[in-house]
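Worth knowing before you read on, the calculation uses all heavy atoms, side chains too, and leaves out hydrogens, waters and symmetry mates.
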Amino acid sequence: MAFLRGAFLLLLLRICLLNRSVWGKVEVTMNDNLEVYLGDPAEIPCQYSFTGVDEEPSRVMIQWFVRAAGNGLRMRIFYSDVSQQIIDNNTDYSGRIEVTSDQRGTTLLIQNVQLSDEKEFFCQVNGLAAGNAERKTHLRVFAPPEAPVIEAVPTGISVTNTMPSKVASCEARNGFPKPNITWYRNDEPLVPTAGQVNVITLVSREFRGFYTVQSTLEYKLLKDDKDAHFSCEVSFSVPGAIRTMESHSINITIHYPTTMVELWKDSPQGLVKEGDTVELRCQGDGNPPPPFIFSKEQEPDMVLESRGNLLMLSSVSRKDSGIYQCRPLDSVGQAEVKGEVQLTVHYLDPAVVVPKDSEVMLKGENLVASCNALSSLKTVTVWYKDGKQVGYSNMLHLDDATYETSGEYVCEVTVPSLPSLHTSGSVHIIVQGGPQVVGVEEEVQLEEVAGRMVNLSCEARGHPPPSISWNIIGSQNWQEVMSKANDHMTHSMVSVKVNSDISAVCNATNDMGTEVKVFSIKAIPRVTRTPPFSPVEGSGVIIVVIILCLLLLASLGSVLYFLHKKGKIPCGRSGKKEITKEKPTKDDIVVEMKNNPKNEDAVLLKAVNGEKKGPNDQVTVV
């Protein structure tokens, strides 16, 4: 094979020498560059023409060569002439290329372009006597990289570091040609600056030919960067353009010292009263949040027990009032870095009532009772008796006491601005005096039918409780049927049979005096009378008799009419009438009706009698 190739070259050389005196020129036209994606097919056209010849040569040889960029050696991959087309064996293109030709040019088609195909492709045209020429096309292959992956450093970075610290890394894999990485802070590009921004880039190429770019950002962080977002962007070339892909944003954990502290009451909401559990919470602007120590301004050297940034005070009292402070543990000695809050614990002492417990006063006297409760807030005092309001201040005035004045008086003290604070006290008032019989000013005079039972009731007030006794004149038949008493009143009832006029005296007595009430009962004899005739009742009987008479007359008339029709009763001359066969009409019948008025006078007598009562009925008199 090598021998034949050498012989062929010698033949070509001789032909060239024989025809060198013949003037001819070949012009070849090719694109300088061709750009394709990895895996796509590539078509490399080669156009040629002949000048300086009388006619175009009938025999043209075309050869395709390939050479790696920057390497002087090239390799033929195709040969053709008028008689044959040969794809050279044992090359990377033996099974992937196809060449088509016509009178104007030839085209090299490469299937499934690989990264290794980024080379220079030469098209050589030999027109023998017309001369030869060649041109080349640089085939460029592109493979976009994967999306960039960004990672922040897992630990926090202190702003006290004097030099830029590594904050994040970014990686773009499997790109061709080599991609580039740019860093951004809040969408603003970061330019490497001495002492502020450092970017370290590492490029590696895999055995398949892809590039992987790793970039590390070193940055001098400030406290303002705690809310900043960092990202990276990869830029890469594609056929005819440059494209970019951006990573997601990350936030850097920054450590910085505490410069401001705030202390506040977290619970309860609103005012604080004795017995509440109070929670004070402290917060600073440092990161990470430091532990805090709590103290009271009045006792600065005493550290209060707390949990982290929370101070809990259980069942507080008024002595817990004061100014509380908190300081970050890492700034002890820096008096300016602290938080303060004023805590006021409100209170309401038990109500004190004067007079205390109970008080005895004479009927007609005056009394002033007071109710006071020491409080840190404004209070309101209301007096109640039997659930009804009787006073609205801390002083209760009882003037001209009566027995109705007696009873228990309750004062309730409340705090309007803190309703859960309230207290109460009471005093029992006893009004002392002689008996007072209910209704003693009324003269009781009764009339009752003899033989009846009468209940007499007597009720007396007083303190000490009065006793009641009865003096009945005019009847031996009586008994006490009810007797009851309490601290202020006695009640007695007797049942008396009225046989004659009676005088009953109720005597109410206690240590302070006596009062009586007199009942006078006049006996009325019982009278039995026959009830007189009632015209109202008689009129009903008369009406019934009249109706019966009318019915009898109607029946008798019917019988006479029937007998007359049968001819049993002959008509007299005076009553005889001519009878014709014509049917009488309704207009021929004349009926004459006469009235024989009868004056009736009825005299109605009405006896009005009182309700009869039995001898065992009773009347209760108070």
From Lys296 atom NZ to Glu340 atom CD, the distance as rounded to the nearest 0.5 Å: 13.5 Å
Which value, rounded to the nearest 0.5 Å, describes the distance between Leu446 atom CG and Ser520 atom OG? 8.0 Å
Measuring only between side-chain heavy atoms, which start at C-beta, is [X] closer than 4.5 Å to [Y]?
X	Y	value
Val261	Pro328	yes
Tyr256	Leu222	no
Ser215	Val199	yes

State whether Tyr347 and Arg318 meet the cation-pi test: NZ (Lys) or CZ (Arg) under 6.0 Å from the six-membered ring centroid, and within 45° of the perpendicular axis. yes
Distance only, no hydrogens: is a donor on one side chain within 3.5 Å (strictly under) of an acceptor on the other, for Thr414 and His422? no
Could Asp225 and Arg185 be called an ion pair, given the rule that one side-chain N must be under 4.0 Å from one carboxylate O? yes
Minimum heavy-atom distance between [X] and [Y], given as atom pair plus value:
X	Y	value
Ser314	Thr277	CA-OG1, 4.0 Å
Trp264	Val341	CA-CG2, 4.4 Å
Ser503	Val518	OG-CG1, 4.1 Å
Ile157	Ile252	CD1-CG2, 4.0 Å

Report, as yes or no, whether the 6.0 Å neighbourhood of atom CD on Gln476 holds more than 12 heavy atoms from other residues, nucleotides or ligands. no
